[in-house]
Amino acid sequence: MSLSAAAQVGEQDSTFFERSIHGLEYSAEFSATLSDGDHAPFWLTSNRHGLSSIERNSAYLRAGIFRDAHQDATHRWRLGYGADFALAGNFTSTLVVQQLYADLQYRALELSVGAKERPMELKNNRLSTGSQTFGINARPVPQVRIGIPEWTNVPLTRGWLQVKVHIGYGMMTDDKWQHDFTNRQSRYADYALYHSKAGYLRIANEDYDYPLSFEAGLEMASQFGGTTYRPVKGVMTKMPNETGLKAFWNAFVPGGSDSYEKDAEFNNVEGNQLGSWMMRLNYDRRYWRFSIYADHFFEDHSGMFHLDYDGYGTGADWNKKSKRRYLLYGLKDILLGAELNLKQGTWVRDIVAEYMYTKYQSGPIYHDHNPNISDHIGGNDNYYNHRLYPGWQHWGQVMGNPLFRSPIYNDDGQIEVENSRFMAFHLGISGRPIPALDYRLLGTWQEGFGTYKRPFTHSRRQLSLLAEAHYAFSRSWLDGWSVGLAMGFDHGTIVGNNFGTQLTIRKSGLLVK
């Protein structure tokens with residue numbers, strides 16, 4: 001190789017290296033929570049991507065480096081990555097690998113590998129109670145994920161239709177926590193696999209001054225594979241689950257059956273399947289924007305389609321489909337929200353109001369038809385819980401909306417969501433009185449009824465409040481420093497009576513300019 005050719009190769013390598021670290025940012029953070037009561041206040045621990053503790057007093061020291069793929073916005077190939085670790089006291093683990101990921105993008109497509117904090121779709125991430133399927137309440141699940149992460153125009157629609165989509169597979173990382181929490185005496189699962197997929201549509205066109213836009217989406221997820229351990233007649237029994245290619249396919253297109261049901265007359269689909277239908281309607285003007293939105297959660301086809309076949313015969317034909325007869329379920333369980341954004345607001349910038357109802361769950365009855373009873377009714381959906389897997393949770397925190405009381409609050413060693421039937425009202429307000437200071441206020445009232453399987457003797461009520469403010473210093477010698485102070489208050493019998501404060505000090509900035 002000639003000297004000139006070697007120099008060109010070296011220049012190309014140097015250019016790629018320089019580009020891959022251009023815009024690299026760092027952050028370091030210390031946070032401490034001091035509380036009085038049964039636990040740390042609800043809104044001091046919820047919707048923080050699982051980096052929190054329900055213990056009354058806790059603290060963590062966090063540090064990370066990040067590069068956003070948008071730094072390569074002018075290139076077809078774009079690279080992003082991050083590493084984010086925390087040392088914690090009074091948490092579920094002392095060393096927390098909060099994020100460790102790499103994103104490779106080509107045009108609109110992205111391949112993401114690792115554990116990464118991802119925002120909720122179609123909701124205000126600071127003021128909403130949270131999405132019911134893909135929330136921001138639990139630690140990220142490491143996964144391999146491919147999709148279109150940003151709104152992308154659909155060809156031949158003249159810019160009026162955009163899409164987002166993703167498919168991912170990963171593995172839960174909380175096996176040790178499950179062992180400790182259950183003392184291996186109640187149900188847990190080792191090496192459980194994780195699948196997520198979602199698709200969103202938006203009807204809008206930013207090139208026209210048209211105020212209305214509509215967004216809709218379907219989010220679906222599954223826990224499958226791994227090995228389940230659960231007590232059978234007082235003995236902890238090992239139950240291996242399917243992990244082959246067929247299991248991956250059955251997670252993608254719900255089908256098959258769980259290993260212990262293969263010889264049963266009635267089978268459920270394989271794994272823990274769940275999801276949400278979502279929609280949002282926006283009216284956008286120059287100085288303000290108003291939106292209404294909905295999030296309907298489902299655990300099976302009765303909740304997903306609200307329709308079930310109920311036309312089986314009788315006698316010898318009890319298991320044959322002989323009639324055109326269907327059972328229609330009511331649309332009762334839903335999260336409804338409204339959001340007002342005052343674009344030039346100072347003291348008040350955003351207002352979010354939500355109503356959430358989950359008491360129906362396709363009704364209290366569950367039975368499959370049999371030779372004596374021809375009616376087929378599928379109810380008692382038991383949101384966020386499952387017979388084989390520890391439910392829709394990770395490290396004790398539910399992976400959806402935190403108003404479903406997380407298993408980490410249980411004192412009986414059971415990894416169960418013990419309050420999944422409830423009604424709630426929520427209000428969130430945020431503002432920025434001066435450029436350096438922002439705040440948010442959250443208030444939530446909830447009435448819980450337990451579950452169909454284990455109902456509360458009497459309904460339980462809970463009021464949870466949060467006042468939080470952050471100040472970013474602007475003087476040159478304090479550039480990048482910010483301090484946050486939050487106060488939380490709970491009163492009731494779902495998570496208890498709690499009062500606490502949280503102090504957060506943060507330093508961030510460019511590592512490579």
Side-chain angles (χ1 to χ4, degrees), residues 42 46-47 120 123 128-138 187 189 192 194-196 198 218-224 254 258 268-269 271-278 294-306 308 329-337 354-366 377-394 396-410 414-424 426 444 446-456 459-460 462 494-495:
F42 179 77
S46 301
N47 283 348
M120 296 184 294
K123 291 186 182 69
S128 171
T129 58
S131 291
Q132 296 191 76
T133 299
F134 299 134
I136 56 174
N137 189 57
R187 184 183 64 253
Y194 169 91
H195 167 62
S196 69
L218 173 61
E219 298 182 342
M220 294 188 68
S222 174
Q223 293 164 298
F224 68 104
D258 290 318
N268 293 291
V269 297
N272 181 23
Q273 299 274 355
L274 50 92
S276 291
W277 291 105
M278 304 170 66
D295 181 337
H296 169 61
F297 182 76
F298 57 85
E299 285 271 3
D300 57 18
H301 60 277
S302 67
M304 183 177 186
F305 299 112
H306 298 275
D308 216 345
Y329 297 91
L331 177 57
K332 297 182 179 181
D333 293 342
I334 201 164
L335 184 157
L336 296 173
E354 292 182 344
Y355 164 75
M356 191 168 174
Y357 186 97
T358 67
K359 291 167 56 180
Y360 181 50
Q361 302 191 20
S362 300
I365 299 174
Y366 176 82
I377 301 174
N380 195 0
D381 288 345
N382 202 8
Y383 291 170
Y384 282 29
N385 291 314
H386 194 261
R387 289 171 297 174
L388 279 183
Y389 295 93
W392 193 236
Q393 65 82 42
H394 196 215
Q397 296 278 19
V398 297
M399 291 190 284
N401 190 296
L403 294 181
F404 292 90
R405 198 182 78 165
S406 292
I408 200 168
Y409 286 100
N410 300 345
Q414 301 280 340
I415 306 180
E416 294 274 351
V417 174
E418 295 184 351
N419 182 43
S420 67
R421 298 182 62 243
F422 60 84
M423 178 178 63
H426 172 79
T444 310
Q446 179 183 19
E447 183 178 22
F449 299 86
T451 66
Y452 280 131
K453 182 180 178 181
R454 298 173 64 184
F456 295 152
S459 66
R460 301 181 184 180
Q462 189 74 44
I494 296 179
V495 298

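No hydrogens, no waters, no symmetry mates; every other heavy atom, side chains included, goes into these values. Counting from 1, the numbers follow the sequence of the chain as shown.
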- Query: Does some side-chain heavy atom of M356 sit less than 4.5 Å from a side-chain heavy atom of H426?
  - Reply: no
- Note on the structure: Across all chains, not counting sequence neighbours, the side chain to side chain donor-acceptor pair (under 3.5 Å) partners of D333 are Y383
- Using 30° and 60° as the class limits, which term best fits the ring planes of F297 and Y384: parallel, tilted or perpendicular? perpendicular
- Note on the structure: What one should report as the nearest heavy-atom pair of G330 and H306 is O-ND1, 3.5 Å
- Item | Heavy-atom closest contact (N47 atom, S128 atom, distance) | ND2-O, 3.6 Å
- Message: How long is the straight-line distance from CG of D381 back to OG1 of T451, given to the nearest 0.5 Å?
- Response: 12.5 Å
- Item | CD-CE distance between Q393 and M399, expressed to the nearest 0.5 angstrom | 7.0 Å
- Message: Exactly one of Y357, F456, F404 should register a ring-ring contact (aromatic ring centres under 6.0 Å, His included) with F422. Which one does?
- Response: F404
- Spacing of Q223 atom CD and H195 atom NE2 [to the nearest 0.5 Å]: 12.5 Å
- Message: Assess, by modelled atom type and distance only, whether the side chains of T129 and N401 contain a donor and an acceptor separated by less than 3.5 Å.
- Response: yes
- Message: For the backbone of N382 and the side chain of Q361, can you confirm whether one donor and one acceptor N or O come within less than 3.5 Å of each other?
- Response: yes
- Task: Could you walk me through whether M304 and L218 pass the side-chain contact (heavy atoms from CB on, under 4.5 Å) test, one step at a time?
- Result: CA-CA 10 Å; M304 183 177 186; L218 173 61; 4.2 Å; yes
- For the atom pair CG (N272) and OG (S222), what is the distance rounded to the nearest 0.5 Å? 6.5 Å
- Query: Is there a donor-acceptor contact under 3.5 Å linking the side chains of Q397 and S406?
  - Reply: yes
- Measure across G303 and F298 and return the closest heavy-atom pair with its distance rounded to 0.1 Å. C-CB, 3.4 Å
- Query: Any side-chain heavy atom of V417 within less than 4.5 Å of one from P407?
  - Reply: yes
- Item | Minimal non-hydrogen separation, A294 against I334, with atom names | CB-CD1, 4.0 Å
- Which is it for V398 and W392 under the side-chain contact (heavy atoms from CB on, under 4.5 Å) test, yes or no, and what are the steps along the way? CA-CA 6 Å; V398 297; W392 193 236; 5.7 Å; no
- Note on the structure: Rounding to 0.5 Å, atoms CE (M278) and OG1 (T133) come to a distance of 8.0 Å
- Is there a donor-acceptor pair under 3.5 Å between the side chain of E447 and the backbone N or O of S459? no
- Message: Distance check, rounded to the nearest 0.5 Å: M220 atom CE versus Q273 atom CD?
- Response: 6.0 Å
- Query: Does the ring center of Y329 lie less than 6.0 Å from the ring center of Y360?
  - Reply: no
- Does D295 use its side chain to pair, donor to acceptor, with the backbone of Q132 at less than 3.5 Å? yes
- Query: Is the backbone N or O of I494 less than 3.5 Å from a side-chain atom of Q462, with the two atoms forming a donor-acceptor pair by type?
  - Reply: yes
- Residue pairs, two or more places apart or on separate chains, that pass salt bridge (charged side-chain N to carboxylate O under 4.0 Å, His left out) and touch residues 414-423: R187-E416, R405-E418, E418-R454
- If you look at every heavy atom in M120 and S131, which pair is closest and at what distance? SD-N, 3.1 Å
- So, for N419 and G448, which heavy atoms are closest and what is the spacing to 0.1 Å? OD1-CA, 3.3 Å
- Query: Counting distance only, does the side-chain N/O of S302 pair as donor-acceptor with the main-chain N or O of G379 below 3.5 Å?
  - Reply: no
